[in-house]
Amino acid sequence: MIKKRIISPLQNFMKTESASGILLLGATLLALILANSPFKDSYNALWEYKIGFKSEHFELYKPLILWINDGLMAVFFFLIGLEIKREFLIGELNSTKKLAFPLFGALGGMLFPILFFVFLNKSADTAHGWGVPMATDIAFSLAVLNTLGKRVPLSLKVFLTAFAIVDDIGAVLVIALFYSASINITLISIALALLAFLYFIAYRGFYSKYITFLFGTVIWVLFLKAGIHPTVAGILMAFAVPIRQKVHTPEFIAHLSQIMDNIKGAKVSSKPILSKEQVAEIDSLDHWIEDYQSPLQLLEHKLHDIVAYAIIPIFALANAGVLIDGDANLDTSLIINIALCLVLGNSIGITTIITTVKKLKIIEVPKDINNRHIIGVSFLAGIGFTMAIFIASLAFAKSPEFLGSAKIGVLLGSLVSAIIGYLILRYNKSESDVDKNDQNKKEELSTS
């Protein structure tokens, strides 16, 4: 029963990410088709259309693509923050032993692509793009992994999920430290003070979704105006959402039984409305349900589908449209550099680090994960789509020709990484399969 309670939510998460990956692929292909069709001018004009409001003292008037990249993606990062907090408190990252395996993998998956980029880059104009190949797209990578079904163990999917979450933490830090504009100390101080207040009242046991939303909106604007990318506000806001329940299961069940008995014994109206007694019991039920649910789990559950099926596909539709034309002003060396960093940087980095620390007995790898599993997943980690394109949009915001080249490099590297990783895992025989084959051969020899 306990095993089912732990694994079933994880499997549901995998299914959501897998379906999201398929939808993401569709949005990407549509964006590429539109950007290279007779409708390309309309496609580009749509994302550059400015909306918002402005007054004499305040302005929030931005192109649609920035509302997506700064606004909708803040919700995406908020969800990532919720997942990170949950994993650190009660999940796959809540102990040193559990954290070590994905942590070392993520270090290899971040450091080696950066080193590859710095080594291969020959132009000062593109040097700022070093952060592009360091991030893994969890939706796409899990989608590929899930197509393999039972050919890969669940522990490998857990590793990839935890790895991607640690990787996301690194990407957020990189965005905050290296891809934000000059910082307005006054505004960021106000934002941090508001965050500290939210953390304090959450620690004291008070939480209100309305206050969180109001403060979150103000903090998002302050981060934007302060010069720090506002998506960072999203992830910081997540840590103000408590995971604890006010009421635990035994107490909730007892009150639920009492409410059911009271409803059964209440006066039933002959009209299609509830009696006063029934209304009072329903109100009491609402109160107990609210106290029974973990605010973090509830928000994560409600946001998951919105992010997976709306925000990420919209982001892909707006950002993946790159003009692929022989006459286009593209930087071939940047394309090749980013593609190689995604494919080789991640695969070599993750495999090397994991193999080394495993031999040194610093980490303990689950027994059902063999070396080929590690190699295959290390290539899947090179699928950097969402976060990589996002960082590229920050790194080359003022250089359209480099931005287009970076996006093509991300798409190419992600595609190659996905194919290689899939093939390695698809034709990998686990140790148990080898043992079964050996046993069958022994039985055949003894029979003959």
Side-chain angles (χ1 to χ4, degrees), residues 25 27-37 40-41 43-45 47-48 63 65-66 68-69 73 109-137 140 171 174-175 177-181 229 315-349 379 381-420:
L25 177 61
T28 302
L29 292 175
L30 179 59
L32 286 170
I33 291 170
L34 290 173
N36 293 274
S37 73
K40 60 184 179 183
D41 291 336
Y43 169 82
N44 292 323
W47 308 119
E48 293 301 322
I65 192 168
L66 290 184
I68 293 170
N69 292 353
M73 289 300 284
M110 290 186 286
L111 294 177
F112 274 67
I114 292 173
L115 293 174
F116 269 58
F117 185 93
V118 173
F119 177 76
L120 294 173
N121 183 67
K122 303 300 180 184
S123 172
D125 295 331
T126 56
H128 201 47
W130 57 267
V132 175
M134 62 167 286
T136 297
D137 189 293
F140 262 150
V174 166
I175 291 169
L177 297 174
F178 301 102
Y179 291 107
S180 294
H229 202 273
F315 171 83
L317 188 62
N319 288 274
V322 183
L323 179 62
I324 304 174
D325 189 340
D327 297 328
N329 187 19
L330 297 174
D331 189 315
T332 306
S333 62
L334 180 60
I335 294 173
I336 296 173
N337 188 354
I338 290 178
L340 286 176
C341 290
L342 286 169
V343 178
L344 299 180
N346 281 278
S347 59
I348 294 174
F379 276 100
I383 304 174
F385 188 82
T386 305
M387 196 72 81
I389 288 181
F390 182 73
I391 295 176
S393 69
L394 301 178
F396 303 116
K398 297 180 180 179
S399 307
E401 69 280 9
F402 293 138
L403 178 56
S405 302
K407 287 181 179 179
I408 293 175
V410 169
L411 294 173
L412 179 61
S414 297
L415 177 62
V416 174
S417 295
I419 293 172
I420 296 175

[X]: side chain to side chain contact (heavy atoms under 4.5 Å, CB included) partners, not counting sequence neighbours:
{"X": "F178", "value": "W130, V174"}
{"X": "A381", "value": "T136, F163, N346, I350"}
{"X": "L29", "value": "L25"}
{"X": "I336", "value": "T332, L340"}

Which distance, rounded to the nearest 0.5 Å, do you find between the [atom1] of [X] and the [atom2] of [Y]?
{"X": "I408", "Y": "L412", "atom1": "CD1", "atom2": "CG", "result": "9.0 Å"}
{"X": "F396", "Y": "L334", "atom1": "CZ", "atom2": "CG", "result": "5.0 Å"}
{"X": "L120", "Y": "L344", "atom1": "CG", "atom2": "CG", "result": "9.0 Å"}
{"X": "N36", "Y": "Y43", "atom1": "CG", "atom2": "OH", "result": "9.5 Å"}
{"X": "I335", "Y": "S405", "atom1": "CD1", "atom2": "OG", "result": "4.5 Å"}
{"X": "S347", "Y": "F112", "atom1": "OG", "atom2": "CZ", "result": "10.5 Å"}

Without swapping roles, check the side chain of [X] against the backbone of [Y] for a donor-acceptor pair under 3.5 Å.
{"X": "N44", "Y": "K40", "value": "yes"}
{"X": "Y179", "Y": "S393", "value": "no"}
{"X": "K407", "Y": "I389", "value": "no"}
{"X": "S123", "Y": "D125", "value": "yes"}
{"X": "S414", "Y": "L411", "value": "no"}

Compare every heavy atom of [Y] with every heavy atom of [X], then report the nearest pair and how far apart it is.
{"X": "A388", "Y": "A135", "value": "N-CB, 4.3 Å"}
{"X": "A318", "Y": "I65", "value": "O-CD1, 3.6 Å"}
{"X": "I391", "Y": "A171", "value": "CD1-CB, 4.4 Å"}
{"X": "P133", "Y": "G129", "value": "CD-O, 3.8 Å"}

Please list, chain by chain and in numerical order, all residues satisfying side chain to side chain donor-acceptor pair (under 3.5 Å) with S333, sequence neighbours excluded. D331

Restricting to side chain to side chain donor-acceptor pair (under 3.5 Å), what partner residues turn up for T386, sequence neighbours left out? D137

Would you call [X] and [Y] a side-chain contact if the rule is heavy atoms closer than 4.5 Å?
{"X": "F117", "Y": "I338", "answer": "yes"}
{"X": "L394", "Y": "H229", "answer": "yes"}
{"X": "N337", "Y": "F116", "answer": "no"}

Using side chain to side chain contact (heavy atoms under 4.5 Å, CB included) as the criterion, point out the one residue from N69, L66, L317 that pairs with W47. L317

Honestly, is K398 close enough over F402, meaning NZ or CZ under 6.0 Å from the six-membered ring centre and within 45° of the axis? no

Audit row: F390, N319, side-chain contact (heavy atoms from CB on, under 4.5 Å) steps and yes/no: CA-CA 8 Å; F390 182 73; N319 288 274; over 6 Å; no

